[in-house]
There are 2 protein chains.
Amino acid sequence: MGNRFIEKLRGFADFDNSELRALERVTAHPKAYGARKDLIREGDPPGPVLVVLEGWAFRYKVLPSGTRQIMAFLMPGDACDLHIGMLAEMDHSIQTVTRASVATIGRTAMDEMLASHPRIATAMYIAQLVDEGTLRAWIVSLGRRSSIERVAHLILELFLRAVRIGLSDGSTMELPLPQAVLADALGMTSVHINRILQELRRSGAIELSRGMLHIKDPAALTYISGFDANYLHKRLK
Amino acid sequence: MGNRFIEKLRGFADFDNSELRALERVTAHPKAYGARKDLIREGDPPGPVLVVLEGWAFRYKVLPSGTRQIMAFLMPGDACDLHIGMLAEMDHSIQTVTRASVATIGRTAMDEMLASHPRIATAMYIAQLVDEGTLRAWIVSLGRRSSIERVAHLILELFLRAVRIGLSDGSTMELPLPQAVLADALGMTSVHINRILQELRRSGAIELSRGMLHIKDPAALTYISGFDANYLHKRLK
DNA sequence: CGGTAGATTGACCAAGCTCAACTCACGTGG
DNA sequence: CCACGTGAGTTGAGCTTGGTCAATCTACCG
């Protein structure tokens, strides 16, 4: 019954049984991907909508110089490309971090579902607005926060998202992101990320090893990051 | 008769007369704002959709430390908040740069228009996707480009947008952004922006003084910035 | 037991920031 | 018509954050 995508959308709208069935139908046949596989590459013509049901992925772009910038992390329940189908081609790539289970929703199936179930359309719309807020918060971090603030901020963001989708017990979560990936998300080098993580550990705010994150002192982490949860829109209409 | 907003949307869809009339009706009574006036403040409950018909504005957020990060520039024809109405409150502010003429579209008028004119909905949707691509490009710049690349990239982006909406003759445009505003958009200080602009002028790529920008050597500027026009989606389906 | 990917460390370097002064264009009141 | 005020642009000197390069360590795996 259900999956993380459906659970997430249920946080944005009350669905009746026919809507739940429609959502289950379109996500019934996920495909398994290995770790570090590109789901979509920049320049591809837009295909079906992808929905990550299990595992982690990220949107990224590589520059001519070969450096990479990650623009968003996709956690279980997140959709890749609700609407990119309207554009001529992808302007970035998407790659898995871990092994992942990804559902594929064809464009016509998606259009039909949205047309016949407006509440689903609304919920997906809200999900996208939240994603956009996250993009803007990322810009703020990259532009105006120091590296320790950036790292703390990202950790908090991911943690709050994990809590919201039930992937955390409230103080611990799996964080399967190598330091090089964190670096490419935060516009830093992995060397520097490493030093900052040590600083955060020393400060007693977090524990992090072998892919397990433990928020030891949420208040301290929040303080360090200057975090403002508003952009995640916890309070929805 | 139209206005810059309608002109822009016409680039994304072919409208019939009734659609054009609908668009004209909702933008028929713009309001005039002075320079440096907040149109919307963070925390406000979402109001009507705002459409900038003339003048420049930007989205921004100020941090606890008092620094400011600008996340997007709004040029004539750009809409502020197509859908933010679904969320509980604004997660950023919007301020004019120059004097501006801004149309206000009430939520119900907007909903009715979108419902009865699907091509308008599609066009506005595409406009939003392009904006999102611009957000992502901004992230790439802030994360992985050097300061001169960032400045060159922003100038090119604004220039191409100006060309597209007919605000440039192909080599010259008004660029009414003080260096401090450029700095807050690019995550730099105005001192450093100043030095970089001098470097760009010295290199012969641009001329910029008193709010007038002249692209003297587009190829050089493109080369410096590592610009890839793909994200602006010049080729639309 | 070697092999590999990721994490860690140290020494050095440089892009970009801070602070503070100064200039320039422009608008205002006398 | 000119002195003055103001906001933006410009410059210089010194410093800090975070990058570079290269070596080392560690966990895990076939």
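Just so we're on the same page: letters track the sequence lines, and every chain starts at 1.
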Working note: A/L53 + A/R4, criterion side-chain contact (heavy atoms from CB on, under 4.5 Å); need CA distance, chi angles, decisive distance, verdict. CA-CA 6 Å; A/L53 299 181; A/R4 302 214 176 271; 5.7 Å; no
Which is more 5' along DNA chain C, the nucleotide nearest B/S146 or the one nearest A/N194? Just name the residue. A/N194
Measure the acute angle between the ring planes of A/F73 and A/W138, then classify it against the limits of 30° and 60° as parallel, tilted or perpendicular. tilted
Is it true that atom CZ of B/R41 has more than 12 heavy atoms of other residues, nucleotides or ligands lying nearer than 6.0 Å? no
How many Å lie between CZ on A/R202 and C1' on C/dT8, as a whole number? 13 Å
Could you state the atom-to-atom distance from CZ of B/R145 to P of C/dG16 in whole Å? 14 Å
Whole angstrom value for the distance that separates C1' of C/dG6 from CG of A/L182: 12 Å
Note: B/S225 and B/H153 closest approach over all heavy atoms is CB-N, 3.5 Å
Quick one: is B/R210 getting a side-chain N or O under 4.0 Å of the C/dC26 phosphate, OP1 or OP2? yes
For C/dA7, does either OP1 or OP2 sit under 4.0 Å from a side-chain N or O belonging to A/Q198? no
Most 5' of A/S147 and A/V191 on DNA chain D, judged by nearest nucleotide: A/S147
With sequence neighbours left out, what residues match A/E207 under salt bridge (charged side-chain N to carboxylate O under 4.0 Å, His left out)? A/K216
At under 4.0 Å between heavy atoms, what does B/R36 touch on the DNA or RNA strands: base, sugar-phosphate, or nothing? sugar-phosphate
Quick check on C/dG16: is either OP1 or OP2 less than 4.0 Å from any side-chain nitrogen or oxygen of B/T189? no
Using chain A heavy atoms and a threshold of under 4.0 Å, write down where along DNA chain D the contacts begin and end, 5' to 3'. D/dG18 to D/dC28
Any chance CD of A/Q198 has more than 12 other-residue heavy atoms, nucleotides or ligands included, within less than 6.0 Å? yes
Nearest whole angstrom, please: distance from the C1' of C/dG16 to the CD1 of B/I148. 13 Å
Contact class for A/R195 vs. all strands (heavy atom < 4.0 Å): base, sugar-phosphate, or nothing? base
Rounded to whole Å, CG of B/L186 lies from P of C/dG16 at a distance of 11 Å
Side-chain N,O (A/R201) to OP1/OP2 (C/dA7) below 4.0 Å: no
For B/G211, answer base if it contacts any base atom (sugar-phosphate contacts may also be present), sugar-phosphate if it contacts only those atoms, and nothing otherwise; contact means non-hydrogen atoms under 4.0 Å. nothing
Might you point out which heavy atoms bring A/Q69 and A/D184 nearest each other, and give the distance in Å? NE2-O, 3.2 Å
Can you tell me how far C1' of C/dG16 sits from NE2 of A/H192, to the nearest Å? 14 Å
